[in-house]
Amino acid sequence: MGKIFYIMGKSASGKDHFYEALLQDPDLSLEPLVLYTTRPIRSSEQDGREYFFVDEQKLVNLRLSGKIIEERVYQTIAGPWYYFTADEGQIDLQKKDYLGIGTLESCKKMREYFGPEGVCPLYVETEDGIRLQRALKREEKQERPAYAEMCRRFLADCEDFSEEKLEAAGIGRRFENNGAFEDCLREIRGYILSEK
């Protein structure tokens, strides 16, 4: 049986870079688990790669058809942004392993839906000062930087990934990304291979 390896971490922890590197590793043979969002697409993103960028009507239609696995909403400076996972027949754990990326809460819902044996959490942890520097550099590259939203998300992550919530979700194994990216990637890669 296949597994969904699910990357989580606070904003600017490096999880997007790990996601891309792990998908490109031919020894891992991981299929991307693409989530949905109603937030605006960033200049560096592509629809269907980082997320399926949809409007709220698509979310409503999926809800009505009973295809939502998990969803969450963030009240942002620009209005509500929804993130969700839908089961539209694209996930086949009998045949494939997948790599997903999301929040602690979404990981919990995925484990409830697919069972704990079907979802393997990969929690990336980065020191707050390093994260803040990375987030600022990333935001500066945007055509219209949203610094207030960057700060809101940074602060919200402290609560969303509190030690109590990590413990309640059963997150024991952590991968520290405070030094060389390659070192942390090697550790995550070895862990995935041992769990396949």
Over 60° means perpendicular and under 30° means parallel, so classify the ring planes of Tyr51 and Tyr83, tilted if in between.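 Perpendicular.
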
If I compare all heavy atoms of [X] with all of [Y], which pair ends up nearest, and what's the gap?
X	Y	answer
Ser44	Arg49	O-NH2, 2.8 Å
Tyr74	Arg152	CB-NH2, 4.1 Å
Val73	Pro80	CG2-CB, 3.8 Å
Val124	Ser13	CG1-O, 3.5 Å
Lys15	Gly9	NZ-O, 3.1 Å
Pro121	Ile171	CB-CD1, 3.5 Å

Going hydrophobic residue to hydrophobic residue with side-chain gaps under 4.5 angstrom, can you get from [X] over to [Y]?
X	Y	result
Ile188	Phe181	yes
Tyr123	Leu35	yes
Leu62	Phe52	yes
Tyr36	Ile41	no
Tyr82	Val60	no

Check whether the side chains of Tyr6 and Ser106 place a donor and an acceptor atom closer than 3.5 Å, and report yes or no.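 Result is yes, a qualifying pair exists.
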
Which distance, rounded to the nearest 0.5 Å, do you find between the [atom1] of [X] and the [atom2] of [Y]?
X	Y	atom1	atom2	value
Ile192	Asp27	CD1	CG	11.5 Å
Asn177	Arg131	CG	CZ	11.5 Å
Gln57	Thr38	CD	OG1	12.5 Å
Glu125	Arg173	CD	CZ	12.5 Å
Thr85	Ile91	OG1	CD1	7.0 Å
Ile7	Tyr19	CD1	OH	8.0 Å

Show your reasoning for whether side-chain contact (heavy atoms from CB on, under 4.5 Å) applies to Phe154 and Leu132. CA-CA 8 Å; Phe154 185 87; Leu132 191 55; 3.9 Å; yes

4.5 Å side-chain heavy-atom contact, [X] and [Y]:
X	Y	answer
Tyr191	Glu195	yes
Leu122	Phe175	yes
Phe5	Leu28	no
Tyr98	Pro32	no
Tyr147	Leu136	yes
Cys107	Val119	yes
Asp92	Glu31	no
Lys196	Lys3	no

Is the side chain of [X] donor-acceptor paired with the backbone N or O of [Y] at a distance under 3.5 Å, no angle test?
X	Y	value
Glu50	Gln46	yes
Glu45	Arg42	yes
Gln90	Ala86	yes
Asp47	Phe53	yes
Asn178	Glu127	yes
Asp157	Ser11	yes

Going through the distances and angles, do Lys137 and Glu140 end up as a salt bridge (Lys or Arg N to Asp or Glu O under 4.0 Å)? CA-CA 5 Å; Lys137 285 180 184 176; Glu140 287 171 340; over 6 Å; no

Is it the case that over 12 heavy atoms from other parts of the model lie below 6.0 angstrom from the CD atom of Glu117?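 Buried by this count: over 12 neighbours within 6.0 Å.
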
Is [Y] paired with [X] through a side-chain N to carboxylate O contact shorter than 4.0 Å?
X	Y	result
Arg189	Glu182	no
Lys10	Asp160	no
Asp55	Lys58	no
Glu70	Arg72	yes
Glu88	Lys67	no

Determine, stepwise, if the pair Arg174 / Glu163 fulfils salt bridge (Lys or Arg N to Asp or Glu O under 4.0 Å). CA-CA 12 Å; Arg174 300 173 189 212; Glu163 287 300 320; 2.8 Å; yes

Applying side-chain contact (heavy atoms from CB on, under 4.5 Å) to Leu59 and Ile68, what does each step give before you reach the verdict? CA-CA 8 Å; Leu59 171 59; Ile68 300 294; 3.9 Å; yes

So Phe18 and Leu23, side-chain contact (heavy atoms from CB on, under 4.5 Å) or not? Walk me through it. CA-CA 8 Å; Phe18 290 114; Leu23 281 178; over 6 Å; no

Given side-chain contact (heavy atoms from CB on, under 4.5 Å), test Met110 with Ile69 step by step and report yes or no. CA-CA 7 Å; Met110 296 288 284; Ile69 296 171; 3.9 Å; yes

